[in-house]
Amino acid sequence: MAIALGSNLGDSAGILSAALVALAKVSGLEVQAQSSFYRTAPVGPPQPDYLNACALLAVTLSPETMLETLLQVEQQFGRVRRERWGPRLLDLDLLFYGDRILTTPTLELPHPRMIDRAFVLVPLAEIVPQWRDPRSQRSIAELLHHLDCSGVQRRSEAPPDPIPDP
Ligand SMILES: Nc1ncnc2c1ncn2[C@@H]1O[C@H](COP(=O)(O)OP(=O)(O)OP(=O)(O)O)[C@@H](O)[C@H]1O
Ligand SMILES: Nc1nc2c(c(=O)[nH]1)N=C(CO)CN2
């Protein structure tokens, strides 16, 4: 499964890195790959630029438990829910879970807005370029073809793949 990370308040690079460390400590969850960090123009109301990234996770947790885990890590980093699409210290979204298509009152998979967001698809293409949207069957490259990527700028190299514990 994959997640998107975003922050546009505080030390965004430190927050995204620390959130990935916090997630890697959750039992039943392994961070398999993470993208570079990207500075991205805000979508929605006027607000500071975001730092965005994506990560690929191997999990034994259900989609619902994963969503709860992401909400807990958001709260750990002091996220206060205010206006929709407004500024935040940390936003974690579940992008997809295998090729499951799911709609419950609290969780929709794949994330319904991810295919319209260059700030999600550009980092995602780095770590899972072969992914296809199970609804439209379109590849990331096909989806990106229709999007304006001019507001998405790479800020850091992806770290090397994690060395497995002995
Ligand atoms: N795939 C998903 N990933 C994360 N949250 C989801 C997903 N599908 C539904 N939700 C629901 O959306 C709720 C609101 O999420 P959030 O506050 O992060 O929205 P947002 O970041 O303002 O906007 P967006 O969802 O467009 O990124 C969550 O509490 C969760 O129940
Ligand atoms: N560039 C960018 N814009 C956004 C982002 C984000 O992560 N990056 N998140 C939002 C709330 O989901 C609203 N707007």
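Start at 1 and go down the list; that is how both ligands and their atoms are numbered.
Using a cutoff of 4.0 Å between basic side-chain nitrogens and carboxylate oxygens, D133 and R138 are not scored as salt-bridged. Under a 4.0 Å N-O distance rule, the pair E64/R100 does not qualify as a salt bridge. Using a 4.0 Å cut-off between charged side-chain N and carboxylate O, R88 and D91 make a salt bridge.
Not close to ligand 2: R113, with no non-hydrogen atom less than 4.0 angstrom away. Note on ligand 1: R117 sits in its first shell, one or more heavy atoms being nearer than 4.0 Å. Contact between G44 and ligand 2 is absent, with no heavy atom of the residue lying under 4.0 Å from the ligand.
Near N52, with a cut-off below 4.0 Å to any heavy atom, the atoms of ligand 2 are 1 (N), 2 (C), 6 (C), 7 (O), 8 (N). When each atom of ligand 2 is checked for a heavy atom of P42 under 4.0 Å away, the hits are 1 (N), 3 (N). Those atoms of ligand 1 with a heavy atom of D91 less than 4.0 angstrom away are 18 (O), 21 (O). Of all the atoms in ligand 2, the ones that sit under 4.0 Å from a non-hydrogen atom of A41 are 1 (N), 2 (C).
Distance alone, capped at 3.5 Å, places no donor-acceptor pair between the R155 side chain and the F37 backbone.
Contacts of D93 with ligand 2, taken as heavy-atom pairs under 4.0 Å, are absent altogether. Using a 4.0 Å cut-off between heavy atoms, L67 contacts ligand 1 through its side chain alone, with no backbone atom that close.
Residue L94 has at least one N or O atom closer than 3.5 Å to an N or O atom of ligand 1. Of the polar atoms of G6, none of the N or O atoms is found under 3.5 Å from an N or O of ligand 2, judged by distance alone. Taking distance alone, with nitrogen or oxygen atoms compared against 3.5 Å, E74 stays at or beyond that limit from ligand 1. For ligand 2, one of its N or O atoms has an N or O atom of T40 under 3.5 Å away.
Checking N8, N52, D49 one by one against T40, the side chain to side chain donor-acceptor pair (under 3.5 Å) holds for a single residue, N52.
Looking at L102, T106, D93, L90, it is T106 that brings a heavy atom closest to atom 6 (C) of ligand 1. Residue nearest to atom 22 (O) of ligand 1, selected from E64, R88, E68, R113: R88 (by heavy-atom distance). Relative to atom 29 (O) of ligand 1, the option among L109, T104, V43, L71 with the closest non-hydrogen atom is L71.
Residue pairs satisfying the ring-ring contact (aromatic ring centres under 6.0 Å, His included) criterion with at least one member in residues 96-117, sequence neighbours excluded, are listed as follows: F96-W131.
S36 and E126 form a side-chain donor-acceptor contact under 3.5 Å, judged by distance and modelled atom types alone.
Residue L67 holds its CG atom at 9.0 Å from CG of D93, rounded to the nearest 0.5 Å.
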Please list, one pair per line, the donor and acceptor atoms closer than 3.5 Å that link side chains of residues 9-19 to other protein atoms, with sequence neighbours excluded.
unit_1 : atom_1 : unit_2 : atom_2 : d
D11    : OD1    : G14    : N      : 3.0
S12    : OG     : S7     : O      : 3.4
S12    : OG     : S7     : OG     : 2.8
S17    : OG     : A13    : O      : 3.0

Evaluation steps, side chain to side chain contact (heavy atoms under 4.5 Å, CB included), between R135 and I101:
CA-CA 8 Å; R135 289 198 190 92; I101 297 175; 4.1 Å; yes
